[in-house]
Amino acid sequence: MTAQHKPSLSIIDTLEWNPESIKQANTMLEGSSPEAVLRWGFGNFAPSIVMGTGFGPEGIVLMHLVSQIRPETIVFYLDTDLLFSQTYELRDKLVKQLGIRFERVHSGISLKEQSVRHGDTLWANDADTCCHIRKVIPQRQFLANYNAWITGIRRDQTAFRANAGLVEWDYANKMVKLNPLAAWTSDQVWDHIRKNDLPYNELHDYGYPSIGCWTCTKAVVTGADPRSGRWAGLEKTECGIHYPSIAKQ
Ligand code: SF4
């Protein structure tokens, strides 16, 4: 079935979104461009839709598209208090260049409080609990106010992400999740960034293909798995905000 002959699936057709109707929507959207997925999402869920970012290259591409399609969209980020200074600098450049409306989401628990409760370096002793406290819980509380969120995950990033839909049901948050770049490659992402002269985290130029908290991110050698610098030495590959990787979900 060609794109133009696909049935339309809108809020008029489906008053209540659920895992089944979202599966149908994903089938309909498969093969669509990121812009088309975003337009579909905004058409059905705005204003109850937000974008989340960890400031990776995929997020930059999406922020660029979002700024053109629905500039008033709120883009939230999880401030763990442990982000690289270069990440905060990138945030400020994005405000300047693209006019992004950022919202900082924080656990409300300072690093000092965390060390009193769990020791000085929880990320080294129990990274799952650290991510749960500083990322998963605050994100869950924030997303409870919305019906849909947009993410930059791609299918070839990790085994967990291999089956990501362009749109899917987020069981953990009981809402709709859009992954407009799910089918894109890393090369497509970087082509878009260069072609549109978009800012990116300068650490990417120093061997950090994937960047999270400075405490859990290492540089990798050329040709290594781009995410191998995240939680290096642990089996952990996800912080838990996209796919439950920990028992505490
Ligand atoms: S990435 Fe590391 S420091 Fe950041 S929240 Fe997770 S375990 Fe804690």
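What you see below is based on every heavy atom in this structure, not just the backbone, and it leaves out hydrogens, waters and symmetry mates.
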Self-check item: Min side-chain heavy-atom separation M175-L143 under 4.5 Å
Solution: yes

Quiz item: Will you find, in the side chains of E168 and N26, an N or O donor that is under 3.5 Å from an N or O acceptor?
Solution: no

Self-check item: Qualifying residues under side chain to side chain contact (heavy atoms under 4.5 Å, CB included), relative to D81, sequence neighbours excluded
Solution: D79, R104, H106, L111, R134

Quiz item: Are D225 and S228 close enough that a side-chain donor and a side-chain acceptor fall under 3.5 Å?
Solution: no

Quiz item: Is there a side-chain contact between R140 and N173, using heavy atoms and a 4.5 Å cut-off?
Solution: yes

Quiz item: Taking only residues two or more places apart in sequence or in another chain, which ones pass salt bridge (charged side-chain N to carboxylate O under 4.0 Å, His left out) with D170?
Solution: none

Exercise. Would you check if K177 and V167 make a side-chain contact, meaning some heavy-atom pair closer than 4.5 Å?
Key: no

Quiz prompt | Other ILVMFWY residues reachable from I133 by side-chain steps of under 4.5 Å | solution = I109, L122

Exercise. List in chain and number order the residues that pass side chain to side chain donor-acceptor pair (under 3.5 Å) with H64, two or more places apart in sequence or in another chain; answer none if no residue qualifies.
Key: Q68, H192

Exercise. Please list, chain by chain and in numerical order, all residues satisfying side chain to side chain contact (heavy atoms under 4.5 Å, CB included) with I137, sequence neighbours excluded.
Key: H132, Q141

Exercise. Using the test ring-ring contact (aromatic ring centres under 6.0 Å, His included), find all partners of Y146 that sit at least two apart in sequence or belong to another chain.
Key: F142

Quiz item: Does any non-hydrogen side-chain atom of L29 lie less than 4.5 Å from one of W40?
Solution: yes

Practice problem: Name all residues meeting the side chain to side chain contact (heavy atoms under 4.5 Å, CB included) criterion together with P47; count only those two or more places apart in sequence or in a different chain, and write none if there are none. | Solution: R70

Quiz item: Does some side-chain heavy atom of L166 sit less than 4.5 Å from a side-chain heavy atom of N179?
Solution: no

Exercise. With rounding to the nearest 0.5 Å, note down the distance linking CZ in F55 to CZ in R91.
Key: 6.5 Å

Listing, residues 95-102 side-chain donor-acceptor contacts under 3.5 Å, not counting sequence neighbours, or none:
| from | atom 1 | to | atom 2 | distance (Å) |
| --- | --- | --- | --- | --- |
| Q97 | NE2 | D197 | O | 3.0 |
| R101 | NH1 | E72 | O | 2.8 |

Quiz item: With sequence neighbours left out, what residues match D92 under side chain to side chain contact (heavy atoms under 4.5 Å, CB included)?
Solution: none

Distance-only donor-acceptor pairs under 3.5 Å for side chains of residues 206-220, two or more places apart:
| from | atom 1 | to | atom 2 | distance (Å) |
| --- | --- | --- | --- | --- |
| S210 | OG | R230 | NH1 | 2.8 |
| T217 | OG1 | G212 | N | 3.1 |
| T217 | OG1 | C213 | O | 2.7 |

Quiz item: According to the salt bridge (charged side-chain N to carboxylate O under 4.0 Å, His left out) rule, which pairs have a member within residues 34-47, sequence neighbours left out?
Solution: none

Quiz item: Can N201 and T87 be said to form a side chain to side chain donor-acceptor pair (under 3.5 Å), step by step?
Solution: CA-CA 6 Å; N201 196 319; T87 303; 3.1 Å; yes

Quiz item: If only atom types and distance count, is the side chain of Q157 paired as donor or acceptor with the main-chain N or O of R154 below 3.5 Å?
Solution: yes

Quiz item: Is it true that W123 and H118 have ring centroids separated by less than 6.0 Å?
Solution: no

Quiz item: Between E202 and Q86, is any pair of side-chain heavy atoms under 4.5 Å apart?
Solution: yes

Quiz item: Got a sec, which pairs hit salt bridge (charged side-chain N to carboxylate O under 4.0 Å, His left out) with one end in residues 109-121, sequence neighbours left out?
Solution: E113-R117

Quiz item: If two hydrophobic side chains count as joined below 4.5 Å and joins carry through other members, does F42 share a cluster with L178?
Solution: yes

Quiz item: Applying the 4.5 Å side-chain criterion to the ILVMFWY set and letting contacts propagate, would L82 and V105 be lumped into a single cluster?
Solution: no

